[in-house]
Amino acid sequence: MASLSPPEEAAASYHHRQSKRYSSSSSSNGVESDFPKRPKISHPLPQSSNFISSSEIESEFSHHDLVFARINNGSFGCCPSSILSLQRDWQLRFLRQPDRFYFEDLKPKISESRTVIKRLINAEHDDEVSIVDNATTAAAIVLQQTAWAFREGRFEKGDAVVMLHYAYGSVKKSVEAYVTRSGGQVIEVQLPFPVVSADEIIDRFRNGLESGKANGRRVRLALIDHVTSMPSVVIPIKELVKICREEGVDQVFVDAAHGIGCVDVDMKEIGADFYTSNLHKWFFAPPSVAFLYCRKSNNGTAPDLHHPVVSNEYGNGLAIESSWVGTRDYSAQLVVPSILEFVNRFEGGIDGIKKRNHESIVEMGHMLVNSWGTQLGCPPEMCASMIMVGLPVCLGVSSESNVLKLRTFLRERFSIEIPIYFRPPADGEIDPITGYVRISFQVYNKPEDYHRLRDAINELVRDGFRCTSLSC
């Protein structure tokens with residue numbers, strides 16, 4: 001028998017452990033379910049237990065291009081080989097016998113995934129959790145409801161939606177498409193960068209709510225990021241939600257594309273009406289899968305939300321509507337229980353992963369700052385698994401075009417994948433830092449990845465490089 005490659009060994013080993021769960025021979029619906037009663041974010045194994053080893057981690061992610069320093073997990077996430085293998089099993093089950101898969105397997109298994117998510121995020125009810133493609137889809141669902149309220153006269157023209165100007169680009173476009181076109185006023189809260197403290201954000205958010213309420217208007221929705229994308233900062237979400245309640249904001253929607261697996265996610269502690277997070281960024285899911293939490297009212301009524309893709313489940317509740325939006329690949333949604341088991345192979349489970357990623361990214365950020373003579377974009381306590389690091393001023397970053405060209409240059413010349421942020425200088429600033437890299441740390445990363453970035457930038461500085469030298 002031919003020997004297996006390291007990723008094949010990892011996938012085969014993990015697949016063997018999962019064989020009973022995915023057996024098709026001993027249950028009425030073709031999938032035997034020995035689903036655990038209480039999945040945990042952190043799996044408290046005894047010290048004598050065998051946690052995943054460094055070599056096993058390398059095997060799980062050996063499909064990554066090893067030529068590149070991949071320090072941009074925040075953009076697209078990662079998925080281990082064993083989970084990809086299980087995903088492929090689900091894809092083949094559908095292709096082999098689609099009738100049985102649709103009528104007997106799909107909905108029960110999506111329901112199991114929803115139950116896992118519900119317990120991970122400490123939601124109250126299973127039907128408060130819907131599984132969707134990504135956080136952008138979740139934003140469309142919530143903003144569609146807001147648009148209907150304006151168009152049907154339940155909201156007055158000119159009532160406000162308040163959002164952070166750090167909001168993700170596609171979410172801003174969704175606000176434009178749904179809210180602005182329906183007669184709502186959009187208030188963007190301008191936040192500072194670099195950030196010195198959470199108090200700066202809290203104060204400016206209060207001012208934004210005051211602007212939204214001017215002239216007798218009401219703030220119908222506050223759209224708040226949990227971890228902003230670019231620049232990346234952890235927002236004091238609990239404090240902002242509390243302020244919204246005090247100020248009479250109708251609903252609060254938290255966009256946490258970088259939430260689960262990156263920061264603490266507890267629906268009862270956060271207290272938002274809606275909360276969405278991708279699972280493919282920091283929770284090791286294949287692309288793409290996310291959840292949308294919709295809190296029930298005190299009387300148990302679910303909000304009137306609908307999936308923007310209308311299928312034959314319309315009217316059966318968002319969780320059911322989202323479980324079938326036509327023929328497509330649902331396999332990324334079906335491996336969620338297996339991902340939890342993968343995560344629990346690490347010491348401390350997901351909490352342990354978050355802690356180690358945070359400590360590592362802060363260490364790497366300080367290493368780059370010390371080498372380049374620059375600064376971090378926020379205090380360490382306001383970052384999670386990503387942090388902003390200032391580039392040397394002498395590189396001459398002066399526009400959005402510059403950072404896109406520099407990003408391409410680092411990828412093509414030095415084999416480094418890294419996003420870069422342009423911070424326009426304020427009036428009167430002298431030689432400010434205008435370019436920041438956003439570095440991420442995930443379990444597959446090593447210090448050498450960040451040393452390569454350090455050395456590449458130092459080489460450019462020694463050579464007198466300036467961004468203006470890059471061709472169009």
[X] side chain near [Y] side chain, heavy-atom distance below 4.5 Å:
X      : Y      : result
Leu221 : Val162 : no
Asn207 : Val189 : no
Phe422 : Leu404 : no
Pro231 : Arg423 : no
Thr228 : Ile235 : yes
Asp225 : His258 : no
Tyr293 : Thr276 : no
Glu247 : Val219 : no

[X] atom [atom1]: more than 12 heavy-atom contacts under 6.0 Å:
X      : atom1 : value
Phe76  : CZ    : no
Lys173 : NZ    : no
Glu156 : CD    : no
Tyr168 : OH    : no
Lys172 : NZ    : yes

For residues 250-257, which side-chain N or O atoms pair as donor and acceptor with protein atoms under 3.5 Å away, sequence neighbours left out?
{"residue": "Asp250", "atom": "OD1", "partner": "Arg218", "partner atom": "NH2", "Å": "2.8"}
{"residue": "Asp250", "atom": "OD2", "partner": "Arg220", "partner atom": "NH1", "Å": "2.8"}
{"residue": "Asp255", "atom": "OD1", "partner": "Ala257", "partner atom": "N", "Å": "3.4"}

Would you sort out whether Glu381 and Val234 count as a side chain to side chain contact (heavy atoms under 4.5 Å, CB included), showing the intermediate values?
CA-CA 8 Å; Glu381 63 270 19; Val234 176; over 6 Å; no

Option passing side-chain contact (heavy atoms from CB on, under 4.5 Å) with Ser288 (candidates Thr137, Asn134, Leu279):
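Going through the options one by one, the only one that passes is Asn134.
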
Indicate, with yes or no, if the rings of Phe94 and Tyr102 have centres closer together than 6.0 Å.
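No.
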
Between Trp90 and Tyr330, does the ring centre distance come in under 6.0 Å?
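Distance test on ring centres: not under 6.0 Å, no.
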
Just by distance, no angles: are the side chains of Asn357 and Gln442 close enough, under 3.5 Å, to form a donor-acceptor pair?
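Result is yes, a qualifying pair exists.
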
Pair Arg151, Ser182: side-chain N/O donor-acceptor within cut-off below 3.5 Å
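Result is yes, a qualifying pair exists.
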
In terms of the angle between their ring planes, are [X] and [Y] parallel, tilted or perpendicular, with boundaries placed at 30° and 60°?
X      : Y      : answer
Tyr275 : Phe291 : parallel
His306 : Trp148 : tilted
Phe346 : Phe342 : perpendicular

By side-chain hydrogen bond (donor to acceptor under 3.5 Å, both in side chains), which residues pair with Asp199, not counting sequence neighbours?
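Scan of Asp199 (side-chain hydrogen bond (donor to acceptor under 3.5 Å, both in side chains), adjacent residues dropped) gives none.
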
Can the positive tip of Arg154 be found less than 6.0 Å from the middle of the six-membered ring of Phe150, inside 45° of the ring normal?
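No, Arg154 does not sit over the ring of Phe150.
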
